[in-house]
S.K.: 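Shown below is the structure under consideration.
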Amino acid sequence: MAPRKPTAVPTTAALPHSHRLPPSSPDVLRTLSRLSRPTLISLAVEWLEEKNRDFCAPFLADDGSDIESRDELYTVAHSYEELQETYEELGARKGGKRQVIDRITEGDWRHGVSLYQLAMADTRYLLDHPTSLRWNALRLARVGTSEGASSEVDHLPRFHADTYLRNLQREVAPLAKAHYYITKLKTMPITLLRVQIHDTPYNTPQITVQHPSALTLSQNTTSETTTKSLFAAFPTGSPFIYISLATSVGQSAGSDSRSLRSLIVDAIPKALSRPQCRYVLKTTSLSARSLEALLSLRGPGRSNEAAGGWSIFAEHKGAGVGVMEHVKRPAPAQATKQSQSQQQGGHGDGANAGIGAPETRPKGLKRARQDSAISPGVESPASKRRRLVAEGRFGCSGLPDDGKGIERFDVRIEDAFPDVPEAVAAAGKPGMSGKKVSSKGTKALLDPGAASGDEHDEAAAPADANASNWTPDVRFSFQGAHVFAGIRQLVGSGVVDGEKMPGWMTGEAGVSVGAVNEGRIMVKEN
Amino acid sequence: MDETVIPDSQHDTELARIRSQIQALRTRRSLLQTTLLSSPHTLTRLNRAKATQHAPPPALTDALKTVQSHHRLLQQTSHRLAAGATAFLVQDPDPAAAGIDSGRVLGVRIEASVRGRFADPYFLLLHRPWQGSAALRVHKHTIPPCVPLPALLARWLPAPLEKDKEGAGKRQRGRRQDLGRLVREIRREVLSLHLRLAAVETLRREVGLAPSEPAAAAVMEATEEEDDAIDEEQGVEQPPRRSDAHVPAKGGIEDIKALDPSVREVEITWADGRIARMKIARDGRIEGAVVREHGEGMRGRRNRDVEKMILGGDGRVEGVVRRLLANEGGGGS
């Protein structure tokens, strides 16, 4: 038995980077087995780089030679360079990733994988799979400042990684044992913070925080605790923070873990606050998987407040041609006129459309499919027009491969229902929740009236529809890999009428959850 | 574009030559086209031709249309050249916007030109959501968050007081909206941002560093991708990534970079481990500087001499490198 330094002192310090977990612990195995083979190898090489050696020391045969004779499966290396070569050779060969994991856990890091290494591995996984987590975009807002000269000077919180970590640690320390890892991403203007909560001192009686040089954490403490990690991304130069949502794969979301999570989330703005300058986190109604999408909607650039069709202004390059086109574009103007007349003519038109819709919809669908089937190569004038309309409504957004997809978009309609006889209101089938925009548009959204008739999920009982301001509880949920690209496609194929389509369907509000009031999603000021 | 079927070098070179020729001719054509369209005589002649014929051929009307649209574009361009901010009208494509001032949106284009080059313009799109009131509100905009837009809006574009609040809000008069002033303030912010950006680039050039921002980022990305590809194929070639950093420039300065997109903090790194961080005011003044040693034995100690050099002179960010180099050459370290 290795001599263990009995430093079981209750301490509020953060878990040190070099604190090792036994290779057999589920955390280590789960983290490593998620990575692909090339990533594992490059990660191991990175661990062996000079700057990381303090925290990622491998098992080297420098003092005793007896270890070598005992274990022949993986010969103990003598130097970092030797190991680096070994891994590079391993990368050149073919093989499974199991081989590499075994080599790491049973060979070169048999004495334990440090928390720093785990954090690096987890971050690597995130970079390899940018959509593996769901992020919630939050805004940092100042508390109790009058809008004016004081906030003009520095309205953005100053973020310095070291200071910030120290403050955060001070906030969290009394309540949870955590490991912090902060890194700057190369590919995106984001500083990524990973907090791994290991324990609360109130859960387990003994917590052994050991000297960095000590070997492994005692088995019993790790086996009963499952760790939770939380990512927070700080885009540089913007008042937003993205926090990963708890419901990621493989993480149990018990009440305990939730409270630990909320603890960290609460601490994040507090750690950024200074005297006379306190911050709170406010929701921005946006959550998405892709960091690219978040960066474009809640990022440091110009596109935050110009989503959907307005993206032509954000992506504007050079000459003012795009703007001129925007002004002259005939289709939306026409659409505006139509809807204007509809509004001025009272709700009668809407009612007619509502009645007509259920019969005409399948026909319309078929027609749309037919003319796309007739001319696969050549664009018919109608489809060209639809494509142009889609271009006008969506601008440079909603392209299927721009990587800025929102995969879930929930809307609640708060507008009063247009006057419709009861028969039509009852015709809508309840229980058809959600609308997949994956490949085939299954339901037509010919106009808002038909849409709400067809797709209401949780409509309140239409007991007395005599009142003109009857407002059913209508909610839409759009789901798919890239919701707005899907809607754009539907507009292009004629399933959705691009001219009558409400603006929130283009994503111009830049939210993933919203309430539609008077045909628009109301975004809070500032 | 198309695949060359015969791997014949002669054919390849000929193809390449023809392609470049086509490219050159295209450029020339568009240049001639623009010149022809821009000429004031073209429009007058076409107009005269139209006036003389009582049934103008379609080619003539088409040509006239093209020339007229080109002249509109020219006019717009010259306005943009002369004025820092120009206005235009946009139609909100959202059918629901019809209720709001019939979907009319006022666009303001804010230009920033630094060193004879125009940056992408910034846009402010305003509408009039309050019925019976000419008060404007920002609908959409493309101003980056480092510009304190909320504060400026609160100052120069306050919302009018709501009248239906049982008369309570009527007591105090709301401040007047001043769009001109707002645009001027925003333009000042935007322009100073671009000037600071340009200043950092100048500093980099002065010490002989490669231009930073987008180019460097692109290079970074490229090497990352390359590395991944190599990892998959062979996994051997690691050194190239390391070698691109650490090119010592003048005065032992290794890197100068802005730490945030708003260029309010700039960092200078020396090859010997010294790090200077400067806080830049909006107008390019250096508000403060901290220089710390990172050599052996003096970890974290402040170097007041260098701090004085940075803050000395006219105290502006543009002259930092000149001051540092001058003192380094004169007095030594």
Side-chain angles (χ1 to χ4, degrees), chain A residues 38-39 41-42 45 87-88 90-92 147-149 151-152 154-156 186-187 189 236-240 299-306 309-310 313-314 316-321 323-324 326-327 329 332-333 335-336 338-340 343 392-393 499-503 506 508 518-520 526, chain B residues 69 72-73 76-77 80 86 88-100 102-103 107 109 118 120-123 125 137-146 148-155 159 217 220-221 224 227-228 230-236 238 259-262 264-265 282:
Chain A
T39 312
I41 290 169
S42 72
V45 173
Y87 277 100
E88 275 160 14
L90 207 60
E147 295 285 342
S151 50
E152 256 178 69
D154 48 1
H155 62 295
L156 294 180
K186 277 179 196 150
T187 47
T236 36
S238 73
F240 301 102
R302 330 176 149 210
S303 48
N304 286 357
E305 294 293 327
W310 305 96
F313 291 106
H316 192 260
K317 300 265 179 267
V321 184
V323 182
M324 296 302 287
H326 196 92
V327 179
R329 203 178 48 231
T336 319
Q338 280 173 3
S339 62
Q340 224 176 325
Q343 281 213 344
R393 291 305 300 270
E499 293 171 28
K500 291 184 191 163
M501 177 179 68
T506 66
E508 70 170 43
E518 289 175 18
R520 323 189 110 192
N526 305 326
Chain B
S69 82
R72 272 200 300 277
L73 189 66
Q76 191 202 6
T77 318
R80 286 180 60 189
T86 40
F88 55 94
L89 204 65
V90 185
Q91 179 68 42
D92 195 333
D94 187 354
I100 302 166
S102 51
R109 193 192 291 107
F118 277 99
D120 282 350
Y122 295 86
F123 291 98
L125 299 152
R137 191 178 68 178
V138 170
H139 180 38
K140 305 273 165 189
H141 66 85
T142 67
I143 318 267
C146 58
L149 191 64
L152 291 176
L153 287 180
R155 179 92 178 74
M220 271 290 206
E221 244 164 70
E224 281 287 298
D227 276 1
D228 286 351
I230 288 165
D231 280 336
E232 271 163 12
E233 286 159 28
Q234 305 140 34
V236 230
Q238 207 64 21
L259 292 177
D260 54 343
S262 56
R264 298 300 288 272
E265 280 174 62
R282 191 175 60 177

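Letters A, B, ... mirror the listed sequences (proteins, then strands); counts begin at 1. Computed from a predicted structure; not experimentally measured.
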S.K.: Measure across B:P145 and A:P239 and return the closest heavy-atom pair with its distance rounded to 0.1 Å.
M.R.: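 Answer, listing the atom of B:P145 first, then A:P239: CB-CD, 3.8 Å.
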S.K.: Could you report the tightest heavy-atom contact between B:H141 and A:E305, atom names first, then the distance?
M.R.: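 So the minimum-distance heavy-atom pair works out to NE2-CG, 3.0 Å.
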S.K.: Checking the side chain of B:K140 only, and the main-chain atoms of A:E508 only, is there a donor and an acceptor separated by less than 3.5 Å?
M.R.: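 Indeed, once roles are kept as given, a pair shorter than 3.5 Å links the two residues.
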S.K.: Nearest heavy-atom pair of B:D94 and A:R393: which atoms, and what distance?
M.R.: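 Of all heavy-atom pairs spanning B:D94 and A:R393, the closest is CA-NH2, 3.6 Å.
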S.K.: Quick one: closest heavy-atom pair of A:R520 and B:D92, and the distance?
M.R.: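 Minimum heavy-atom separation between A:R520 and B:D92: NH2-OD2, 2.8 Å.
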S.K.: Look at the rings of A:F313 and B:F88 and say which category their plane angle falls in: under 30° parallel, 30 to 60° tilted, over 60° perpendicular.
M.R.: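 A:F313 and B:F88: parallel rings.
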S.K.: Hey, which of B:D260, B:L259, B:I143, B:L125 has the most heavy atom pairs under 4.5 Å with chain A?
M.R.: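 Sorted descending by pairs with chain A, the first entry is B:L125.
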S.K.: Can you name the closest pair of heavy atoms from A:G503 and B:P95 and give their distance?
M.R.: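 Nearest pair, atom of A:G503 first, then B:P95: N-CD, 4.4 Å.
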S.K.: Is it the backbone or the side chain of A:S238 that comes under 4.5 Å from a heavy atom of chain B, or both, or neither?
M.R.: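 For A:S238, the contact with chain B is made by backbone and side chain together.
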